[in-house]
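Just so you know, ligand 1 is whichever comes first in the structure, and atom 1 is the first atom listed for that ligand.
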Amino acid sequence: MPSLGRLHLITDTRPGRDPLTVLRAALAVARAELVVQVRVTDDATDREAYDLARRVVALCARYDATCLVNDRLHVALAVGAAGGHVGADDLPVGAARRVLGATAVLGATARDPGTAVEAVAAGASYLGVGPCHATSTKTGLPAPIGPAGVRAVADAVDVPVVAIGGVTAAKVPALVAAGAYGVAVVGAVSGAADPARATAELLGALGC
Ligand SMILES: Cc1ncc(COP(=O)(O)OP(=O)(O)O)c(N)n1
Ligand SMILES: Cc1nc(C(=O)O)sc1CCOP(=O)(O)O
Ligand SMILES: [Mg+2]
């Protein structure tokens with residue numbers, strides 16, 4: 001299984017955002033340390049997801065960075081991504097593992113230790129854990145679990161824990177101290193005036 005980067009950038013495809021421009025800026029700074037998760041809005045077509053994902057795979061390949069695809073595992077396979085990420089509304093982790101194969105990177109969302117242990121037993125190779133802090137990027141989330149919630153999950157599993165939800169560079173040290181291996185962000189990079197600088201700040205906070 002490929003080693004996992006510690007900074008995960010999730011594409012922001014909301015209206016007015018320019019995910020590929022943001023990605024180019026982030027890749028130039030983070031290079032192989034970056035994991036890019038292609039996440040499109042639920043109303044996007046598979047063709048739109050495919051078109052974005054194949055462009056992201058090509059950009060990542062220039063830097064030896066990792067591309068994952070959120071939810072749509074057939075798109076991950078179609079574009080030759082390194083793997084995918086699933087949550088409670090997606091294929092179960094075991095089924096996702098069967099789809100992607102034994103060597104793919106497979107992330108699963110876990111908000112508590114019990115779910116985390118089950119996800120790892122079913123084949124998850126890392127866990128997305130959150131929401132750590134309040135976020136306006138995604139609606140319908142439960143209350144933030146904070147660093148203590150991250151610690152509870154990290155103590156229960158032996159795969160990398162990637163903290164997500166309202167993560168900024170300033171919040172990274174407490175999350176790492178709680179056992180997070182890495183962080184996943186949307187707004188901290190996509191919403192920054194200078195995405196390259198924001199990427200550098202996140203990497204610095206991670207100690208990369
Ligand atoms: C790294 C990471 N962690 C959690 C999620 C959330 O996945 P999910 O719960 O399936 O929600 P959607 O992203 O599909 O709306 C994630 N994408 N990445
Ligand atoms: C896509 C997503 N999933 C979350 C979860 O907790 O499952 S939080 C989130 C959005 C993260 O965006 P930002 O970095 O802008 O807060
Ligand atoms: Mg999902």
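Among all non-hydrogen protein atoms, the one lying nearest atom 16 (O) of ligand 2 is T135 OG1, 2.6 Å. Scanning all protein heavy atoms for the shortest distance to atom 6 (C) of ligand 1 gives T109 OG1, 3.3 Å. The nearest protein atom to atom 10 (O) of ligand 1, hydrogens excluded, is given as D90 OD2, 2.9 Å; this is a heavy-atom distance. Distance from atom 6 (O) of ligand 2 to its nearest protein heavy atom, with residue and atom name: R111 NH1, 3.0 Å. Taking atom 2 (C) of ligand 1 as the reference point, the nearest protein heavy-atom neighbour is H85 CE1, 3.3 Å. In this structure, the protein non-hydrogen atom closest to atom 17 (N) of ligand 1 is Q37 OE1, 2.9 Å. Scanning the protein for heavy atoms near atom 12 (P) of ligand 1, the closest one is K138 NZ, 3.4 Å.
Near G187, with a cut-off below 4.0 Å to any heavy atom, the atoms of ligand 2 are 13 (P), 14 (O), 15 (O). Close approach of ligand 1 to A184 is summarised as follows: ligand atoms under 4.0 Å from at least one heavy atom of the residue are 1 (C). Shown in contact with R39 at under 4.0 Å from a heavy atom are these atoms of ligand 1, numbered in order with element: 12 (P), 13 (O), 15 (O). The K138 neighbourhood of ligand 2 comprises atoms 1 (C), 2 (C), 3 (N), with distances under 4.0 Å to a heavy atom of that residue. Near P131, the atoms of ligand 2 lying under 4.0 angstrom from a non-hydrogen atom of the residue are 6 (O). Each of the following atoms of ligand 1 lies closer than 4.0 Å to a heavy atom of D71: 10 (O), 14 (O).
By the criterion of a heavy-atom distance under 4.0 Å, neither the backbone nor the side chain of H133 is placed next to ligand 2. When heavy-atom distances to ligand 2 are checked against a 4.0 Å cut-off, L141 comes that close only through its side chain, counted from C-beta outward. Of the heavy atoms in V186, both backbone and side-chain atoms come closer than 4.0 Å to ligand 2. In R111, the part holding a heavy atom less than 4.0 Å from any atom of ligand 1 is the side chain.
Centred on the Mg ion (ligand 3), the OD2 atom of D90 and the OD1 atom of D71 lie at an angle of 90°, reported to 10°.
Not one N or O of Y126 is nearer than 3.5 Å to an N or O of ligand 1, by distance alone. Any N or O atom pair closer than 3.5 Å counts here, and G165 shares no such pair with ligand 2. Between T137 and ligand 2, a contact under 3.5 Å exists for at least one N or O pair. Taking only nitrogen or oxygen atoms, main chain and side chain alike, G87 reaches within less than 3.5 Å of ligand 1. Residue A184 has no N or O atom closer than 3.5 Å to an N or O atom of ligand 2. Between V185 and ligand 2, not a single N/O pair is under 3.5 Å apart.
Remark: side-chain polar atoms of T135 are paired, donor with acceptor, to backbone N or O of T137 under 3.5 angstrom. No side-chain donor-acceptor contact under 3.5 Å links T109 to the backbone of G128. Under the 3.5 Å distance criterion, the side-chain polar atoms of H133 are left unmatched by any main-chain donor or acceptor of G130. The main-chain N or O of Y181 is never found under 3.5 Å from a side-chain atom of Y126 such that the two would form a donor-acceptor pair.
Heavy atoms from other residues, nucleotides or ligands lying under 6.0 Å from CZ of R197 number 12 at most. Residue-environment remark: CZ (R98) stays at or below the threshold of 12 foreign heavy atoms within 6.0 Å.
Pairs passing the salt bridge (charged side-chain N to carboxylate O under 4.0 Å, His left out) check and including a residue from residues 130-152, sequence neighbours excluded, do not occur.
At least one side-chain heavy atom of R24 sits under 4.5 Å from a side-chain heavy atom of T21. With contacts defined as side-chain heavy-atom distances shorter than 4.5 Å, the pair L68/H85 does not qualify. Inter-residue side-chain proximity for C208 and L7 is flagged as unmet; no heavy-atom pair is nearer than 4.5 Å.
Within the 4.0 Å heavy-atom shell around ligand 2 one does not find A188.
Between the choices I164, T168, V167, the shortest heavy-atom distance to atom 4 (C) of ligand 2 belongs to I164.
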